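Just so we're clear, the structure is a prediction, and the values are computed from it rather than from any experiment.
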Amino acid sequence: MLITRRERFNAAHRLYRKDWSDEKNMEVFGKCSNPNWHGHNYILYVTVKGDVGPETGFVINLKVLSQIIRTKIIEKIDHKNLNLEVDFMKDKIVSTENIAIAIWEEIEQDILSNGAELHCVKVVETENNFVEYFGN
Ligand code: NI
C-alpha cells in the first residue's frame, strides 16, 4: 500500500556553477541562472510504502508523516534562498533533481523509525516540470 502526503513551499534559487562564466551558465541553465535569483512555488509529494496496521488501519499516521516533513524540510526551506540558507543544499546545484535527492536523504530514517518505507519523493517545480526520486 502506498500513501502520499502533499506539502508546499516557496523558495528562491539560482542554477549556476561558480567555475563557469555568467554567459556559460545562462547558456546551460537558461532563465533559472538569473544572477539576481528567482522563485518557484514548489509542491512536494512524499509517498510512503507499508502494510496496513491491523490496529490503526494506517500505513503510517499521516499526522506523524506531516510532522516529519514539516520539521525536517518545510521549516528549513519555505521562503528561503535554497542556494544560501539551506544546510542540506549547501554546495549543490539547486536543481529539482538535487532537491528531491536531498529531501529523500533528510527524511528516510524518520520514516523507517515509524514503521514504514519511503517510496517516492516527487518535487514539482512548475506546472510542466517535476521529478520523482525512488532512492536511486
Ligand atoms: Ni528556477
Begin with the C-alpha distance, continue with both residues' side-chain angles, and end with the deciding distance and a verdict on side-chain contact (heavy atoms from CB on, under 4.5 Å) for Phe134 and His119. CA-CA 6 Å; Phe134 296 91; His119 177 68; 3.8 Å; yes

Apply side-chain contact (heavy atoms from CB on, under 4.5 Å) to residues Thr126 and His40 and explain how you reach the verdict. CA-CA 7 Å; Thr126 69; His40 294 281; 4.0 Å; yes

Check step by step if side-chain contact (heavy atoms from CB on, under 4.5 Å) holds for Leu15 and Ile93. CA-CA 6 Å; Leu15 293 181; Ile93 294 180; 3.9 Å; yes

Applying side-chain contact (heavy atoms from CB on, under 4.5 Å), run through Ile68 and Asn114 and close with a yes or a no. CA-CA 10 Å; Ile68 293 168; Asn114 281 282; 3.7 Å; yes

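Ile101 is connected to Val48 through a chain of hydrophobic side-chain contacts under 4.5 Å among Ile, Leu, Val, Met, Phe, Trp and Tyr, so both are in one cluster. Hydrophobic clustering of Ile, Leu, Val, Met, Phe, Trp and Tyr side chains at less than 4.5 Å, counting indirect connections, keeps Leu112 apart from Val52. When hydrophobic clusters are built by joining Ile, Leu, Val, Met, Phe, Trp and Tyr residues whose side-chain heavy atoms come closer than 4.5 Å, directly or via intermediates, Val64 is not grouped with Leu2. Hydrophobic clustering (ILVMFWY, side-chain heavy atoms < 4.5 Å, transitive): Leu44 and Val131 are in one cluster.
The aromatic rings of Phe9 and Tyr42 lie parallel to each other, their planes meeting at an angle below 30°, with 60° marking the opposite boundary.
To the nearest 0.5 Å, atom CD1 of residue Ile60 and atom CG of residue Leu65 are 5.0 Å apart.
In this structure a side-chain-to-backbone donor-acceptor pair under 3.5 Å is present from Glu85 to Asn81. In this structure, His13 contributes its side chain and Val94 its backbone to a donor-acceptor pair below 3.5 Å. Judged purely by atom type and a 3.5 angstrom limit, Asn25 uses its side chain to pair as donor or acceptor with the backbone of Ser21. Judged purely by atom type and a 3.5 angstrom limit, Asn10 has no side-chain atom pairing as donor or acceptor with the backbone of Asn41.
Applying the 6.0 Å contact sphere to CG of Asp51 captures no more than 12 heavy atoms from other residues, nucleotides or ligands. Surrounding CD of Gln67 are at most 12 heavy atoms belonging to other residues, nucleotides or ligands under 6.0 Å away. The environment of CZ in Phe29 is crowded: more than 12 heavy-atom neighbours from other residues, nucleotides or ligands sit within 6.0 Å. In this structure, Lys49 places its NZ atom where only 12 or fewer heavy-atom neighbours from other residues, nucleotides or ligands lie under 6.0 Å away.
Both the sub-6.0 Å distance and the 45° axial angle are not jointly satisfied by Lys76 relative to the ring of Phe88.
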Table please: side-chain donor-acceptor pairs of residues 104-111 below 3.5 Å, with sequence neighbours left out.
{"from": "Trp104", "atom 1": "NE1", "to": "Glu108", "atom 2": "OE1", "distance (Å)": "3.4"}
{"from": "Asp110", "atom 1": "OD1", "to": "Lys72", "atom 2": "NZ", "distance (Å)": "3.2"}
{"from": "Asp110", "atom 1": "OD2", "to": "Lys72", "atom 2": "NZ", "distance (Å)": "3.4"}

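Taking a cutoff of 4.0 Å between a charged side-chain nitrogen and a carboxylate oxygen, Asp91 and Arg17 do not qualify as a salt bridge. Using a 4.0 Å cut-off between charged nitrogen and carboxylate oxygen, Arg70 and Glu75 do not count as a salt-bridge pair.
Between Tyr45 and Ile43, some side-chain heavy-atom pair lies under the 4.5 Å cut-off. Contact of the Asn129 side chain with the Thr96 side chain is not registered, since no non-hydrogen atoms from C-beta on lie closer than 4.5 Å. Contact check for Ile74 versus Ile69: side-chain heavy atoms found under the 4.5 Å cut-off.
Partner of Val46 under the side chain to side chain contact (heavy atoms under 4.5 Å, CB included) criterion, out of Leu118, Ile3, Thr4: Leu118 alone.
The minimum heavy-atom distance between Met89 and Leu82, with the atom names listed, is CB-O, 3.5 Å. For the pair Val59 and Gly50, the tightest heavy-atom approach, listed with the atom from each and the gap, is CG1-N, 3.5 Å.
Contacts of Met26 classified as side-chain contact (heavy atoms from CB on, under 4.5 Å), with partners at least two apart in sequence or in another chain: Ser33, Pro35.
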